[in-house]
Amino acid sequence: MKEMDETTIKKLKTPPFKRLKNSFKYSFQGLIYAFKYEMSITTYSIIVAIGVSFGFWLGNTLTEWIIIIILIGLILGIELINTSLEAVVDLCCHEIHPLAKIAKDTASAATFVLSITTLISASIIYLPKILDKFPFLIWWQ
Amino acid sequence: MNTQEPKKRTKLVSLKFNNLIKYPVEGIKYAFKFELSMTIHVIITVLVSILGFLVKLSLTEWLLVLVMYGFVLGGELVNTAIEATVDLYTKKSDPRAMTAKDTASAMVLVFSISAAIGGTLIFAPKIINILF
């Protein structure tokens, strides 16, 4: 890099172990913030709890568990990045602006797309098992 | 703020294909140089790959491991991008800047926790089989 700004220099001056400790500290602060003030994170956590208990009840295989865990991580992470981007936009722009609208809308569209794909893959995993347990649900046969 | 409209894209396919490669490579170079956590993630990635060759993962397991690599490293890069954006706007401490940076790093934390749990579920049975 040709030129470094002062924050990078300041970051490089702190010792590596302290940097790691700080990054964990701030990450947990961010998690706590999101759980306190973001409605969607709470909603997703409830859905995640329901999905995990369904998994224990229906007896997933190992691969299915791994896929479910990847999906949970992706969806909670994307929700956090949506919160973060909203905070960035609020930080730099106080009035209504088309570019701010684009930023916020595409960030929430990302969570929307991801929740639809998660819903589809979760139903592909769970629906056959539920139909196996309750055969009367197949009413058309 | 200026009343600048979002610019309309005239060409559907950009002919400057060069830039599609150049800027991502520059970003990855920056992240490798200045981000400690990126280095740690890459070291863990290499170690997990070596372990994967040793315990002979199946194709599905390799795919899952690759997906996990992808979203952890990508999340780390997005975190760097958001930190740079916040630094670009303000150098002072601001509660909203704090929220932005903290939640961006919480995303990486959530991604790495889920990748760690998934990796343990893949590797632990195989290692236990080999050891005992």
Side-chain angles (χ1 to χ4, degrees), chain A residues 1 4-8 11-12 14 16-17 19-20 22-35 37-38 41 62-63 65-102, chain B residues 1-7 26 29-30 33-37 39-40 58 60-61 63-65 67-68 71-72 75 78-79 82-91 94-122 125:
Chain A
M1 294 295 125
M4 287 195 288
D5 63 326
E6 41 200 286
T7 39
T8 315
K11 206 178 358 176
L12 289 178
T14 43
F17 187 71
R19 254 197 281 169
L20 253 184
N22 275 344
S23 64
F24 270 101
K25 193 180 102 192
Y26 292 131
S27 307
F28 277 110
Q29 272 184 20
L31 261 185
I32 289 166
Y33 173 86
F35 271 99
Y37 298 108
E38 284 295 309
I41 293 268
L62 192 62
T63 321
W65 269 123
I66 296 160
I67 291 170
I68 293 279
I69 283 165
I70 288 177
L71 288 174
I72 290 169
L74 269 178
I75 211 162
L76 286 179
I78 292 283
E79 199 56 55
L80 285 168
I81 203 89
N82 183 20
T83 312
S84 166
L85 245 163
E86 274 172 13
V88 172
V89 173
D90 289 342
L91 175 72
C92 70
C93 168
H94 300 285
E95 61 257 37
I96 292 170
H97 192 283
L99 284 176
K101 183 176 162 51
I102 290 177
Chain B
M1 279 289 158
N2 50 355
T3 55
Q4 171 199 356
E5 285 289 313
K7 64 177 175 188
E26 261 177 32
K29 266 187 201 161
Y30 174 85
K33 266 190 186 162
F34 298 112
E35 288 293 313
L36 182 70
S37 42
T39 321
I40 294 172
S58 69
T60 321
E61 286 161 346
L63 288 177
L64 291 171
V65 168
V67 169
M68 288 189 263
F71 72 73
V72 170
V78 170
N79 180 23
I82 283 190
E83 274 175 15
T85 314
V86 173
D87 287 342
L88 182 70
Y89 179 71
T90 176
K91 293 276 192 284
D94 184 304
R96 277 164 305 186
M98 186 100 174
T99 308
K101 282 195 175 188
D102 286 0
T103 43
S105 63
M107 172 202 63
V108 180
L109 184 75
V110 167
F111 277 177
S112 18
I113 287 174
S114 74
I117 296 174
T120 314
L121 285 183
I122 289 179

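Note that this is a predicted model, so its numbers are computed, not measured. Each chain gets a letter, A, B and so on, in the order its sequence line appears, and its residues count up from 1.
With contacts defined as side-chain heavy-atom distances shorter than 4.5 Å, the pair T99(B)/D94(B) does not qualify. Residues S114(B) and F71(B) form a side-chain contact, since some pair of their non-hydrogen atoms from C-beta on lies under 4.5 Å apart. For the pair I70(A)/M68(B), a side-chain contact is recorded, criterion being any heavy-atom separation below 4.5 Å from C-beta on. Considering only heavy atoms from C-beta on, M98(B) comes within 4.5 Å of Q29(A) through its side chain.
If you measure heavy-atom distances from P95(B) to chain A, you find no contacts under 4.5 Å at all. Neither the backbone nor the side chain of S37(B) comes within less than 4.5 Å of any heavy atom in chain A. Contact annotation for I40(B): only side-chain heavy atoms (C-beta onward) come within less than 4.5 Å of a heavy atom of chain A. Proximity to chain A is absent for every atom of V108(B), based on heavy atoms less than 4.5 angstrom apart. In this structure, no portion of T120(B) lies under 4.5 Å from any heavy atom of chain A. Proximity to chain B is limited to the side chain of F24(A), based on heavy atoms less than 4.5 angstrom apart. For L64(B), the parts sitting under 4.5 Å from any heavy atom of chain A are the backbone and the side chain alike.
In terms of heavy-atom pairs under 4.5 angstrom with chain B, the leader among V88(A), T63(A), L74(A) is L74(A). Your options are I72(A), L31(A), I32(A), and the one with the most heavy-atom pairs under 4.5 Å with chain B is L31(A). Taking chain A as the reference chain and counting heavy-atom pairs below 4.5 Å, the highest number among T85(B), L88(B), V67(B), T103(B) is found for T103(B).
Sorted by first then second residue, the salt bridge (Lys or Arg N to Asp or Glu O under 4.0 Å) pairs that include residues 82-92 of chain A, not counting sequence neighbours, are D90(A)-K104(A).
Here the closest non-hydrogen pair linking D102(B) and G30(A) is CB-CA, 3.5 Å.
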Start with the C-alpha distance between E35(B) and R19(A), add both sets of side-chain angles, then the distance that settles side chain to side chain contact (heavy atoms under 4.5 Å, CB included), and finish with yes or no. CA-CA 10 Å; E35(B) 288 293 313; R19(A) 254 197 281 169; over 6 Å; no
